[in-house]
Amino acid sequence: MANSELLSLSNVSKCYGQDRVLKQIDLTVQAGECVVLAGHNGAGKTTLLKLILGLIKPTTGKVSVRGQNPTNKNSIKAKRSLGYLPERVSFYESMTGLETLQFYSKLKSEPIDRCIDLLETVGLESSAAKRTVSTYSKGMKQRLGLAQALLGDPDLLLLDEPTSGLDPTLRRQFYDIIEQKCRMGKAVIVCSHSLVEIEAQADRVIILNSGSTVASGSVQELYQQSNLPLSVQISVQPSCTQRVEQTLSDLIIPIQKSAVTENSIIEFSCNPEQKMELIRQVASLGDAIEDIQIKPPRLDDVYLHYTVSETPSRPVETTPGIPL
Amino acid sequence: MKAVWILMGKELRDGLRNRWIISSVLLLGSLAILLSLLGSTPTGTVTANMLDINVVSLTSLSVYLIPLIAFMLSFDALAGESESGTLLLLLTYPISRAQIIFGKFCAHLCILMLAIVVGYGGSACINILLADGSSSGGLNYLWMMVSSWMLGAIFLVIGYLISAAVKQRSTAISIAIGIWLVMVVLFDLALLGILVADQEQSISQNFFSKLMLLNPTDMYRIFNLTNISSSIETYSLAGSADVKLFTLFDLCLAFILWLALPLTASIAIFKRREL
Ligand SMILES: Nc1ncnc2c1ncn2[C@@H]1O[C@H](COP(=O)(O)OP(=O)(O)OP(=O)(O)O)[C@@H](O)[C@H]1O
Ligand SMILES: [Mg+2]
C-alpha cells in the first residue's frame, strides 16, 4: 500500500560546516513498522531524527513526512501526529509533571483530562506528578518524556535512546509500549545502542557508521548478511581429543588459530555454511563425542561487525546456545 | 493563534513562580514611594503638583530600571531554553517559531504592565492620598506609566533579538549588559561630548534632536519631560534639545520602528536557527 508510507528520506545528506554527518541516506518507513537505528556515538542517529522532525534542514536530498517537507510552514499542524523523545529530555523545572504534560497536551489540542491516565501508563504515580520536575530523578524525567511523546497517540513515534538510564523493569515496560504501538499500526523509530534489548520489537534494523547506512534489514537478515562464524563447543571423551581435533580440523576457522581444549572440551568457530557438514562429521565420530553446542553469533557481535571495520576478536560466550 | 495563548499562559505562570512579577513590582513600587517621600521632605508638606515632581524623578529612574527589567525578562527567552534543551522539545510541537516569540512577548508585556501599574500606580495612589485627594498632574503621571511600558516593550524585543542570535545565555547576558550600558549611559555621554566640543554650533539643533530618536531611552525622557516642562525646570540632557523640533508623529514612528525592526529581525534569525 503506497499510502501507508509515513516517512521517506531520499538521498539525504547533512553537513555541519565541513563535516558530512549524514551521507546519502535513503529510508522509507511504513505504518506499523518498528525501525531501530543503531550506530556508534556520533554516527548521526540523532541528526537523522532531527531532520525528520524538521528541526534542521538537509544539505541535500529530500525528507518527507506524509508527503510534506517537515521544515515547511504548513507542516506545523502535521506535528500533532508526531511524538518525539529527545536523548536528553529536559523540562521546565518550575512546573510539576502534570502541568508539564498538560501544557504539551494543550499545544497538541488534546483534551487535558487524559494526562493523568497517560502518566499512569508510563508509571509515574500521582504523588510524583504533583511535584515539580526539578525534584525528578533521571528515570522519572524519562517517563515523563515518554508520556509527552505519546500525547495524542501519534502516528510516528521518534524515540532517541529511550531506555538509557532506566532500570530493567522499566526498560521492559518501554519496549512493551513500543510493541503495542506498532501493533496498533503506528510507526516507531528508536535509536538504541542495545540491539539485544529491542531485538524482539525490531521489524528492521538500520546500522549507521559515520553517517552512512552500512546495514539494513530484519535481525535475521543481519545475521545472515554478516556471515559471522558460529561458535561450537564439543565435550569429548578424554581419550579421544586428538582424534576429534584431527577429524574436524578442516572445519575449524583459520583465524581461530587453534581450537581451545580444556578439560576435554573443544571450543572453536565455524563458518555458518559449514554447519551441516560439522554436524555430519561429529555424528560420524560416534561415542567419542559426549555433547555439542552450536551458538549463533550474538547480536552485539553482529552489530560490532558492522560498526568496527576490523572483525573483533570474539569474547567468551555467555548467552545460552542452541543445544543439539 | 491558540498556541500563542497557551505559551503566554505558561510564561505568565513561570513569571509568578520565579518571583519575577513580585520582585519587579516591589522594586518599582518601593523606589517610587521612596522618591516621592524624599521629594516631599524639603518643604515638609506635599505640594499640589507632587505627581509632576514624581514624573521627573521617576523618569530618570525608569530610564535605568525599565530597560534592565525588560532585559532580565527577555535575554534568555530563547538562548536559555535552547541551552537547557526545552526549546528542542517545544519546536517539535505544533507551534511556529514566530508564535514562540509572540507568546513570550505577550507574557512579558503583561508582567511589565503589572509591575508598572502596581508599582508606580500604587505609589501614585499614596501620593494622591497624601495630597488630600488632589490628583493634579495625574495625566502626566499616567503618560509616564504608559511610556515606561512602551520603553520596556522596546527593550523586550531587543532582548529577543540578542537571545535569538546567540547560543548561550552567558553570551546573551553580556551583550544585554553592553547594550544597556550604551543606550542608557554611554549614548548620552557621547551626545553631551559632541555638544560640548561643538562650540560653534556647526551641528544644527534639528539634526541633534533627531539623533536622540536613535535611542529609545532619550525618546522616553524627552516625551515625559516635555509633558511637564511647563511646570518644572528640566535639567537633564533631554532638556537641551529644543523639543518642538520633533512632533508626536516622529516619536510614534520611532517607537513603531524600534519595536518592529528588532522583532522581525529576531523572528527571521530564530527561523534560520538550527537546533
Ligand atoms: N550542531 C552541530 N554542529 C556541528 N556538528 C554537529 C552538530 N550536531 C551534531 N554534530 C555532529 O554530528 C555527528 C552526529 O551527531 P549525532 O548527535 O547525530 O550522533 P548520534 O549518532 O546521535 O550519537 P550518540 O549515540 O552519541 O547519541 C557528530 O559527529 C556530531 O559531532
Ligand atoms: Mg544521539
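This structure is a prediction, so every number in the text was calculated from the model and none was measured. In what follows, chains carry the letters A, B, and so on, assigned in the order in which the sequence lines appear, proteins first and then strands, with residues in each chain numbered from 1.
Of all the listed residues (A:K57, A:R88, A:K77), the one sharing the greatest number of non-hydrogen pairs under 4.5 Å with chain B is A:K57.
Residues A:S75 and A:V65 have side chains not in contact (no heavy-atom distance under 4.5 Å, counting atoms from C-beta outward). Proximity of B:F270 to B:I100: side-chain heavy atoms (C-beta onward) are separated by under 4.5 Å at one or more points. The side-chain heavy atoms of B:D76 and B:F71, taken from C-beta on, include no pair separated by under 4.5 Å.
Contacts of A:E93 with chain B are absent, with no heavy-atom separation under 4.5 Å from either backbone or side chain. With a 4.5 Å cut-off on non-hydrogen atoms, A:S109 touches chain B through its backbone and its side chain both. With a 4.5 Å cut-off on non-hydrogen atoms, A:K50 touches chain B through its side chain but not through its backbone. With a 4.5 angstrom heavy-atom cutoff, A:L151 touches chain B only via side-chain atoms. With a threshold of 4.5 angstrom between heavy atoms, A:L53 approaches chain B through side-chain atoms but not through N, CA, C or O.
For the pair B:K104 and B:Y160, the cation-pi criterion (under 6.0 Å, within 45° of the ring axis) is not fulfilled. A cation-pi geometry, defined here as NZ or CZ lying under 6.0 Å from the six-membered ring centre and within 45° of its normal, does not hold between A:K106 and A:F103.
For A:K108 against A:G83, the heavy-atom pair with the smallest separation is NZ-CA, 4.1 Å.
A salt bridge links A:R204 with A:E33; the closest basic N to acidic carboxylate O contact falls under 4.0 Å. With respect to A:E110 and A:R80, a salt bridge is recorded, a charged nitrogen being found less than 4.0 Å from a carboxylate O.
Counting heavy-atom neighbours within 6.0 Å of B:F102 CZ, excluding the residue itself, gives a total of 12 or less.
Below 4.5 Å, heavy atoms of chain A meet no heavy atom from residues 108-122 of chain B.
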